Amino acid sequence: KIHVAIFGGAESHLVADDLADANVGVILAPLQSYATSWDQRRALSGAPLTNGTAIDVLIEAGVTTAIGLEEDWLVRDLGLLAGIAHANGGGKLSEKSALGLVSGNVYKILRAKEPKVKDGHFVVFEGNPLRIQSRVKAVAGGLGVVSVF
């Protein structure tokens, strides 16, 4: 038995039902593809060009979905990307589910052990992490050190 996960997935919405049936997770990177290559020509970029995006179709089909990064420096935008998915989802995606797109779902897709707060893994935000006004105030990575900003 083989475990498969898709990273990228600009056109994964085309086979969303099949991915759900096969229990294949998708880590979308970028969240909203703008069809910058021939292999992405059928991507759903969202309003005003298309009704919905790939994340909407995948979630509706029951595919475990996460938001990935094309480059490491984009990690600063993960909360905002989850907020965009939440805001544009038309009420189909709760705030908790939106946060799962950038946290727990990644571990589910990769079948990896999710770090827990009791093990010293956490992030503290000032404000709602799904909104642009929020700020990271503290981070701990399980090494016994808390970085406060």
Side-chain angles (χ1 to χ4, degrees), residues 3-14 16 19 24-149:
H3 175 76
V4 176
I6 294 175
F7 182 81
E11 294 185 346
S12 59
H13 64 280
L14 297 171
L19 293 172
V24 173
V26 176
I27 301 172
L28 289 172
L31 169 63
Q32 294 175 293
S33 179
Y34 298 108
T36 55
S37 71
W38 181 254
D39 292 335
Q40 299 174 343
R41 67 188 178 279
R42 295 171 291 201
L44 299 176
S45 57
L49 300 177
T50 63
N51 292 324
T53 62
I55 202 158
D56 300 321
V57 175
L58 292 169
I59 289 171
E60 191 169 315
V63 176
T64 303
T65 309
I67 298 172
L69 305 171
E70 307 97 305
E71 296 187 40
D72 292 345
W73 65 269
L74 292 169
V75 72
R76 67 179 187 190
D77 295 334
L78 277 178
L80 182 58
L81 292 172
I84 289 169
H86 170 67
N88 293 340
K92 296 177 188 172
L93 195 61
S94 69
E95 286 188 354
K96 183 176 181 177
S97 297
L99 287 171
L101 295 172
V102 295
S103 58
N105 288 7
V106 176
Y107 293 98
K108 288 177 191 171
I109 291 169
L110 299 177
R111 296 191 181 160
K113 181 181 178 276
E114 185 173 358
K116 302 293 182 191
V117 173
K118 67 178 181 164
D119 298 327
H121 292 265
F122 64 86
V123 178
V124 176
F125 283 86
E126 177 181 25
N128 185 335
L130 300 177
R131 305 219 183 262
I132 199 165
Q133 302 92 339
S134 71
R135 299 286 178 257
V136 173
K137 291 308 214 176
V139 177
L143 301 175
V145 177
V146 176
S147 299
V148 179
F149 307 102

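What you see below is based on every heavy atom in this structure, not just the backbone, and it leaves out hydrogens, waters and symmetry mates. All values derive from a computational prediction rather than experimental measurement.
When side chains are defined from C-beta on, L81 does not count as touching L101, because their heavy atoms never get closer than 4.5 Å. Between E11 and R41, some side-chain heavy-atom pair lies under the 4.5 Å cut-off. Residues H86 and N128 fail the side-chain proximity criterion, which asks for heavy atoms closer than 4.5 Å. V146 places none of its side-chain heavy atoms less than 4.5 Å from the side chain of V124. Using a 4.5 Å cut-off on side-chain heavy atoms (C-beta onward), T53 and L28 make no contact.
Scanning all heavy atoms of the two residues, the minimum distance from D56 to G52 falls at OD2-CA, 3.2 Å. What you find for F7 and G68 is that their closest heavy atoms are CE1-CA, 4.4 Å. Closest of all the heavy-atom pairs between A85 and I55 is CB-CD1, 4.3 Å. Scanning both residues, L78 and V102, for their nearest heavy atoms gives O-CG1, 3.5 Å. Heavy atoms only, all atoms of each residue included: F149 and A138 are closest at CD1-N, 4.1 Å. Minimum interatomic distance between V26 and G9 (heavy atoms only, all atoms of both residues): CG1-CA, 4.3 Å.
The backbone N or O of T64 sits nowhere less than 3.5 Å from a side-chain atom of N105 that would complete a donor-acceptor pair. Between the side chain of S97 and the backbone N or O of L93, no donor-acceptor pair lies under 3.5 Å. Side chain of E126 to main chain of K137: no donor-acceptor pair is present (N/O by atom type, distance under 3.5 Å, no hydrogens or angles).
Taking CD1 of I67 as the start and CD of Q32 as the end, the distance is 9.0 Å to the nearest 0.5 Å. How far CD1 of I27 is from CD1 of I6: 10.0 Å, rounded to the nearest 0.5 Å. Rounding to the nearest 0.5 Å gives a distance of 6.5 Å between NE2 of H3 and CG of L110. Put simply, CG on L31 and CD1 on I84 are 6.5 Å apart, with the number rounded to the nearest 0.5 Å.
By the neighbour-count criterion of 12 heavy atoms within 6.0 Å, atom CD of E60 is sparsely surrounded, having that number or fewer from other residues, nucleotides or ligands. Atom CG of L14 sits in a crowded spot, with more than 12 heavy atoms from other residues, nucleotides or ligands closer than 6.0 Å.
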*Between L130 and E95, does a side chain to side chain contact (heavy atoms under 4.5 Å, CB included) hold up when you go through it step by step?*
CA-CA 8 Å; L130 300 177; E95 286 188 354; 3.7 Å; yes
